[in-house]
Amino acid sequence: MSDFVIKRPIDFDLEQTLECGQCFHFEKIAEQDYVLTAYNRALHIAQKDDELVFYNTDKSDFDNIWKMYFDLDRDYEAIKKELLKADPKLAEAIEAKWGVHLLNQSFFETLISFIISQNKQIPHIKKIVADISAKYGDLLYEDSSRKLYAFPSPKQLENVTVEDLKELKTGFRAPYIKDAIDRVLALEFSGTDEASFRAFFDKLSPEETIAELTKIKGVGLKVASCVSLFALNKREAFPIDVWIKRIMEAKYFDGKDTKIPVIEKFAKEKYKDLGGYAQQYLFYYARSLKINKL
DNA sequence: GACCAGGTCAGAC
DNA sequence: GTCTGACATGGT
């Protein structure tokens, strides 16, 4: 198979999009050169000057998967313009992290990954996701120095025990992951494939989606918001973690300790249906500044 | 060695 | 309803 090359969209940067903290299942090979897995496929991709090179990829995989995964059809220039109009204070964050695209990730992987994410640093989340994939998923990519495995399907994890999960260093999250697997398998979807997950959640409002997801033990408002935003294409979601709380307090609440529901209401009124984009620019920016308590 | 990390839950007021 | 400590593990 040959390589598939496109002109890089002006608002897209590969490194920023992968390293901004929205996804965990990739490895950096070199500057602007990555391997990742998604939707049961591996992709070796590089950004060179103003081109994006999808190695060993045909047009049909690009059209059916990667264009959607990298959100390449969306007009980020218009989104930024609207956000800046609503909130000029976003300028710094947007200028610094201008190339972030929100990925359209698969539901089950995103759900489990963000359950794992609680009270963990990103490098460790990545390690656990890679370990679960290596133990239960299919081998998708191999070169001289790395192997990448698909994130396992719900069915592949059907008989996994809490003890198995604890061996993978998931700690107190092990029973949460188990509950998520069981509930996803028990849901009356027509199947456990991505299309049926999407069909199920597409019918739900943002609030109903959060309500449905938080039935899972270990899934609270923050994890449910991340799944809504990063997997279910509900781009008004505004997940509030420690970093977002910090930067919002610093920017808009005079540096004072502010309750999450207050920040949430504030963000909803300000950013409306574009909350998720604002959130991701702010999150990545705050983390790169290593903003600490004032 | 203390302190923190893309939080959540149960139990105490 | 709101607040607090516990929860596993690894990085700084």
Side-chain angles (χ1 to χ4, degrees), chain A residues 16-26 93 97 100-103 105 107 109-132 135 151 160-183 210-232 234-235 237-251 256-265 267 275-294:
Chain A
Q16 289 182 23
T17 294
L18 292 177
E19 304 275 8
C20 73
Q22 62 180 323
C23 61
F24 306 106
H25 204 165
F26 64 89
K97 304 303 178 188
V100 171
H101 267 210
L102 289 184
L103 299 172
Q105 302 181 65
F107 166 70
E109 172 167 354
T110 306
L111 173 64
I112 302 298
S113 297
F114 278 93
I115 289 174
I116 293 166
S117 80
Q118 57 187 264
N119 243 59
K120 276 207 173 301
Q121 295 181 123
I122 289 172
H124 196 205
I125 301 165
K126 289 177 67 176
K127 177 169 174 18
I128 293 174
V129 169
D131 288 348
I132 289 181
K135 188 160 178 188
F151 193 84
V160 169
T161 65
V162 170
E163 287 66 37
D164 294 332
L165 293 165
K166 283 190 174 167
E167 280 176 24
L168 295 165
K169 307 298 181 189
T170 54
F172 63 82
R173 306 158 194 79
Y176 299 166
I177 298 168
K178 179 64 179 159
D179 190 54
I181 296 164
D182 291 345
R183 282 179 186 271
I210 298 289
E212 185 64 33
L213 291 172
T214 50
K215 287 178 185 169
I216 299 166
K217 189 161 288 223
V219 176
L221 178 58
K222 192 274 176 182
V223 171
S225 299
C226 285
V227 175
S228 296
L229 181 58
F230 299 133
L232 299 176
K234 297 187 190 283
R235 300 283 170 96
F238 192 87
I240 301 173
D241 72 321
V242 290
W243 293 98
I244 287 293
K245 186 166 183 296
R246 258 178 225 151
I247 193 167
M248 293 299 281
E249 286 169 350
K251 268 186 181 294
K256 282 185 233 145
D257 185 38
T258 308
K259 303 298 168 210
I260 287 173
V262 176
I263 298 175
E264 194 193 6
K265 183 164 179 285
Y277 302 97
Q279 192 273 0
Q280 201 55 29
Y281 292 123
L282 285 167
F283 170 79
Y284 193 18
Y285 180 60
R287 210 163 53 91
S288 68
L289 290 181
K290 297 193 194 310
I291 288 185
N292 277 314
K293 285 176 191 160
L294 298 176

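Within every chain, numbering begins at 1; the chains are lettered A, B, ... in the order of the sequence lines, protein sequences first and strands thereafter. Here the structure is a predicted model, which is why all the values come from computation and not from measurement.
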(message) Nearest whole Å is fine: how far is B:dG7 P from A:Lys217 NZ?
(response) 20 Å

(request) Could you check how far CG of A:Asn119 sits from P of B:dC3, rounded to whole Å? (result) 15 Å

(message) Need to verify one output field. Residue with the more 5' nearest nucleotide on DNA chain C, A:Tyr176 or A:Lys259?
(response) A:Lys259

(request) Nearest whole angstrom, please: distance from the C1' of C:dA8 to the NZ of A:Lys166. (result) 9 Å

(message) I'd like to know if A:Lys259 pairs up with A:Glu264 as an ion pair, taking the criterion as any Lys NZ or Arg NE/NH1/NH2 lying under 4.0 Å from an Asp or Glu carboxylate oxygen.
(response) no

(request) Select base, sugar-phosphate, or nothing to describe what A:Lys127 touches, counting heavy atoms under 4.0 Å on all strands. (result) nothing

(request) Would you indicate what A:Gly21 reaches in the nucleic acid, counting non-hydrogen atoms under 4.0 angstrom: base, sugar-phosphate, or nothing? (result) base

(request) Map A:Arg173 and A:Ile216 onto DNA chain B by nearest heavy atom, then report which one ends up closer to the 5' terminus. (result) A:Arg173

(message) Rounded to whole Å, please give me the gap between NZ in A:Lys178 and P in B:dC9.
(response) 19 Å

(message) I'd like to know if A:Lys127 pairs up with A:Asp131 as an ion pair, taking the criterion as any Lys NZ or Arg NE/NH1/NH2 lying under 4.0 Å from an Asp or Glu carboxylate oxygen.
(response) yes

(message) Whether A:Asp257 and A:Lys245 form a salt bridge (side-chain N of Lys/Arg under 4.0 Å from carboxylate O of Asp/Glu) is what I want to check.
(response) yes

(message) In whole Å, I'd like the distance from the CD1 atom of A:Ile116 to the C1' atom of C:dG10.
(response) 15 Å

(request) Give one of base, sugar-phosphate or nothing for A:Leu221, where a contact means two heavy atoms less than 4.0 Å apart. (result) sugar-phosphate

(request) Figure out the CZ/C1' separation between A:Phe172 and C:dG10, and round it to whole Å. (result) 13 Å

(message) Partner lookup for B:dG1, please. Criteria are Watson-Crick or G-U wobble with both distances under 3.5 angstrom; report none if nothing qualifies.
(response) none

(message) Can you see whether A:Tyr176 has A:Lys217 sitting over its ring - NZ or CZ less than 6.0 Å from the centre and within 45° of the normal?
(response) no

(request) Would you kindly give the CG-to-C1' distance between A:Asp131 and C:dT9, to the nearest whole Å? (result) 13 Å

(message) Taking any heavy-atom pair under 4.0 Å as a contact, classify A:Tyr284: base, sugar-phosphate, or nothing.
(response) nothing

